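Heads up: the structure comes next, in structure tokens.
Because the structure is predicted, anything quoted here is derived from the model rather than measured. Proteins come first, then strands; the chains are lettered A, B, ... in the order of their sequence lines, and each starts at number 1.
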Protein chains: 2
Amino acid sequence: MANEPEIPTNRTPTLTDVAKLAGVSIATASKAINGRSEVRATTRVRVLEAAELLSFAPNALARGLLSGRTGTVGLLTSDLEGRFSIPILMGAEDAFGAGQVSVFLCDARGDAIREKHHVRALLSRRVDGLIVVGSRTDARPPLAGNIPVPVVYVYAPSSDPADVSITVDNVGGGQLAIEHLLACGRRNIAHITGEPGFQAARDRAEGAAAALASAGLSMTGGRPYYGTWDESWGRAAAHMVVEHHPEVDAIFCGSDQIARGALDVLRDLGRNVPGTTSVIGFDNWEVISAHSRPRLTSIDMNLKQLGAIAGQRLFEAIDGGVPTSEEFPSRVVMRESTLPVG
Amino acid sequence: MANEPEIPTNRTPTLTDVAKLAGVSIATASKAINGRSEVRATTRVRVLEAAELLSFAPNALARGLLSGRTGTVGLLTSDLEGRFSIPILMGAEDAFGAGQVSVFLCDARGDAIREKHHVRALLSRRVDGLIVVGSRTDARPPLAGNIPVPVVYVYAPSSDPADVSITVDNVGGGQLAIEHLLACGRRNIAHITGEPGFQAARDRAEGAAAALASAGLSMTGGRPYYGTWDESWGRAAAHMVVEHHPEVDAIFCGSDQIARGALDVLRDLGRNVPGTTSVIGFDNWEVISAHSRPRLTSIDMNLKQLGAIAGQRLFEAIDGGVPTSEEFPSRVVMRESTLPVG
DNA sequence: CTGAAAGCGCTTACAG
DNA sequence: CTGAAAGCGCTTACAG
């Protein structure tokens, strides 16, 4: 009777344990487990059974040390709280999740020091690449220091045009909103939006103005109503618009929260939506847009898709490719607040 | 003149490079960099300068291979989309972020297969521990398979009482809500909440009933109005309550969205809040609670703190401690919707 | 087809 | 105080 090799007890099993149990060398065990062809079928089976029996999971650290590839990626976000980061992060996670890549999540909380600290930690862990997720569309300074791995910026582009940035076409989004309202037969369109310090606010307004100009129209009120990104501004501004420009028949709002405020005020004032006045929002934030009265038509920036693209581009770069920056279009998600009135 | 050691060009620098540049052995370089005492001060300085010059970052994989500790932790969530996971995740990230620990984020999308896949990957990467974040308070089955590292469950407890679970006291939360309304002088209190299939709905209702009973009162309408977790149910139920029980002077809602719907209907019906009817929500979801008319008092489950505690408990367990399950209280965040009327 | 040996980048006794 | 050597768990030429 052959010596029965002992099965290790509490230690995490290693290749050596598997090899011993299968009665082969660790080299052969390695080949069998990695599906190399130079292994006899019966040997392979024996190794695989041993591995199964021990619940052997190859040590990714050891592999990474050898190969120089860790199969990990760093996801650097500036605010987890913000609702823009999450869908992007999900998209990126999806792009990676399918394969063998794990994601390190780091929230820098908008602090450059903390960001540097996280980057250092990630590089220490030898991530294969980095995705930097911004929470507003304004360009941000590129990662500080010499980064020896590919980096892809999402939503917020890097201010260095040489970097790869995946962004939303907010000018196009503004145009889209106006074109939808025009298609619904609207002609007197006001624009209520958030803080002018945000590139997103300016871009959307620019797109809106351009689309109106193309139709030979101008914004009701003469210019955008800039304010804050919340409901109370939506309410206040909607009041003003209706009071000063009772002919208004549509309002394009720079965010769903603003639109929600506008909707509530129009309701208070007895103006039928969409009958008398159509309202379109921006962000398509379901919790807001899908539960208002009436439910809100909104521009969707396809953030999840944006994150997925960023993930793919990062892969390409890791594999030696040279991806380029891209700007993606948004889309209209139609609900009751802009129903064309027959 | 001494030989000038060459500085490596495009390769990521290793300890060997640092040692060469500093003119010492890698053993000495290692000690210098790790702050060991057995190194002459001048030598240490030389090594540190060399490391600085090369932007040397020690390879965490190599270190992990040696020490058996990777300084990484897996964060397993079932739905990133859900608003409960995010604050918990932030809290956990905070708990780790300070130190040297990096977090792997995995979203299982509520799919057991995917969860298993993620766990396998994480164990392959030799995480030191796992945090499992649930998105509802119902107990979940423990992680499948033999997990050789500590696991802490948050929000959703493991169904195995031997596991460590950090949860919210939802019964207590329901009590808290009612006690607050009683303190505001209310006596005719209705409870509108979400799906009875959710433990959270049942627990909060139980706490509410208990608190009312202690005060010698019973729920207006005789029992909770179970429905769905959204605004439209809040609206529909508020209508019913007011119609059938016009004496109602307060409504405890099982979520802020429900409360928002109730608030809107009370406004439509011309019932003053908080004058005639007080409203309290649950979740303290700022985007809803801080922007309604009037702004909504709500129960806050301290989710971020919950995540931080989970992180700390995981640390303890990793360090050989034996943490126990804990249930944490919520708190009232007061806004205008329950202002005591003088 | 199989296995001994070298080596990925580091740390840690152990000599000197 | 310093350095040669062993070793963490694995993969990959290279002999046999």
Side-chain angles (χ1 to χ4, degrees), chain A residues 5 8 11-48 50-51 54-72 100 121 123-128 148, chain B residues 5 8 11-48 50-51 54-72 100 121 123-128 148:
Chain A
R11 222 166 20 76
T12 303
T14 71
L15 229 209
T16 305
D17 299 319
V18 175
K20 227 175 251 167
L21 185 57
V24 298
S25 72
I26 61 164
T28 299
S30 171
K31 287 167 198 155
I33 282 172
N34 290 296
R36 294 259 174 289
S37 56
E38 340 83 286
V39 183
R40 202 196 313 177
T42 58
T43 308
R44 180 188 310 283
V45 170
R46 214 151 18 102
V47 171
L48 260 24
L54 299 177
S55 313
F56 171 73
N59 187 323
L61 301 181
R63 281 183 162 173
L65 201 51
L66 266 303
S67 70
R69 283 274 187 102
T70 55
T72 62
Q100 301 287 28
L123 293 179
S124 238
R125 301 195 188 288
R126 298 297 188 261
V127 291
D128 297 329
Chain B
R11 222 166 18 76
T12 301
T14 70
L15 229 209
T16 307
D17 298 321
V18 174
K20 228 175 249 167
L21 185 59
V24 297
S25 71
I26 60 164
T28 300
S30 171
K31 286 167 199 155
I33 282 172
N34 290 297
R36 294 259 172 291
S37 55
E38 341 82 289
V39 183
R40 201 195 314 175
T42 58
T43 308
R44 180 188 309 283
V45 170
R46 213 148 24 99
V47 171
L48 259 23
L54 299 177
S55 315
F56 170 74
N59 187 324
L61 301 182
R63 282 184 162 171
L65 200 51
L66 266 303
S67 69
R69 283 273 186 105
T70 55
T72 61
Q100 301 286 29
L123 293 179
S124 237
R125 300 194 188 290
R126 298 296 187 262
V127 292
D128 297 330

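- For A:S30, a side-chain nitrogen or oxygen approaches OP1 or OP2 of D:dT11 to under 4.0 Å.
- Between A:N34 and D:dT11 there is a side-chain polar atom (N or O) within less than 4.0 angstrom of OP1 or OP2.
- Side-chain N/O atoms of B:R126 include none lying less than 4.0 angstrom from OP1 or OP2 on D:dC8.
- Looking at heavy-atom distances under 4.0 Å, B:T43 makes contact with sugar-phosphate atoms alone, never a base.
- Remark: A:R63 is not in phosphate contact with D:dG9, judged by side-chain N or O atoms under 4.0 Å from OP1 or OP2.
- Among the atoms of the strands shown, none is found under 4.0 Å from any heavy atom of B:R44.
- Mapping A:E38 and B:L66 onto DNA chain D by nearest heavy atom places B:L66 closer to the 5' end of the strand.
- Contact check for A:N59 versus A:T14: no side-chain heavy atoms found under the 4.5 Å cut-off.
- Checking the phosphate oxygens (OP1, OP2) of C:dC1, no side-chain nitrogen or oxygen of A:T28 falls inside 4.0 Å.
- The listed nucleotides are C:dG3, C:dC14, D:dC10; the one nearest the side chain of A:K31 is C:dG3.
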Under 3.5 Å, sequence neighbours excluded: what are the donor-acceptor pairs made by side chains of residues 32-39 of chain A?
unit_1: A:N34; atom_1: OD1; unit_2: A:R63; atom_2: NH2; d: 2.7
unit_1: A:N34; atom_1: ND2; unit_2: A:S30; atom_2: O; d: 2.8
unit_1: A:N34; atom_1: ND2; unit_2: A:S30; atom_2: OG; d: 3.4

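- Side chain of A:L65, nearest nucleotide from C:dG3, D:dG3, C:dG9: C:dG9.
- Between A:S25 and the phosphate of C:dG3, there is a side-chain N or O to OP1/OP2 separation shorter than 4.0 Å.
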